[in-house]
Amino acid sequence: MADAPTPPLPTLAGLAGEFYGWCKKHELRFQRCTACGTWRHVPRELCAACGSWDWEWARSSGRGRVFTWTVAVRAMHPAFQHAVPYAPVVVEMEEGVRILSRVTDCPPDALEVGMPVAVAFDDVTQEVTLPTFRRAPREE
Ligand SMILES: [Zn+2]
């Protein structure tokens with residue numbers, strides 16, 4: 001049997017490379033403006049809230065909730081052929097930023113808006129670790 005095709009992976013350059021560098025250490029960090037405290041993602045140089053260039057990589061709690069998703073029933077890349085149907089999920093983190101990922105222990109038809117999730121890490125290659133999510137206990 002032929003090797004499975006390699007999935008498309010992020011380019012590890014610039015600010016995105018720094019983001020994935022933290023993921024490789026199994027730490028989920030987002031940029032936080034050190035002038036006004038606003039969190040942001042995806043990585044960029046300038047704070048959209050106050051215009052400051054000053055920021056830090058601040059550690060996320062890793063907790064969030066399902067914000068929205070779609071279900072892919074046709075693989076858009078051969079590497080995902082085995083995974084269909086799967087759900088790309090937008091998670092809203094406690095810090096307020098949203099991240100596109102997957103909830104790996106939840107089939108698409110069991111997803112719910114507001115479902116609590118917690119970050120996990122998928123070491124896809126020796127260089128690339130992707131942040132993924134798992135279901136988390138509901139807090140009353
Ligand atoms: Zn700011």
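Keep in mind that the numbers below use all heavy atoms, side chains included, and drop hydrogens, waters and symmetry copies. Counting starts at 1 for both ligands and their atoms, following the listed order.
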If you look only at pairs with a residue in residues 30-42, which of them pass as a side-chain hydrogen bond (donor to acceptor under 3.5 Å, both in side chains), with sequence neighbours excluded? R32-E56
Without swapping roles, check the side chain of K24 against the backbone of Q126 for a donor-acceptor pair under 3.5 Å.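 Side chain of K24 to backbone of Q126: a pair is present.
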What side-chain donor-acceptor pairs closer than 3.5 Å can you find for residues 70-86, not counting sequence neighbours?
{"unit_1": "H77", "atom_1": "ND1", "unit_2": "A79", "atom_2": "N", "d": "3.0"}
{"unit_1": "H82", "atom_1": "ND1", "unit_2": "A79", "atom_2": "O", "d": "3.1"}

Show your working on salt bridge (Lys or Arg N to Asp or Glu O under 4.0 Å) between E92 and R63 and close with a plain yes or no. CA-CA 9 Å; E92 186 167 79; R63 292 188 297 270; over 6 Å; no
Do you reckon W22 sits in the same ILVMFWY cluster as L100, going by side-chain contacts under 4.5 Å, direct or chained? no
Compile the donor-acceptor pairs under 3.5 Å between side chains in residues 11-20 and protein atoms, sequence neighbours left out, one pair per line.
{"unit_1": "E18", "atom_1": "OE1", "unit_2": "W57", "atom_2": "NE1", "d": "2.7"}

Tally, protein N/O/S atoms nearer to the Zn ion (ligand 1) than 2.8 Å: 4
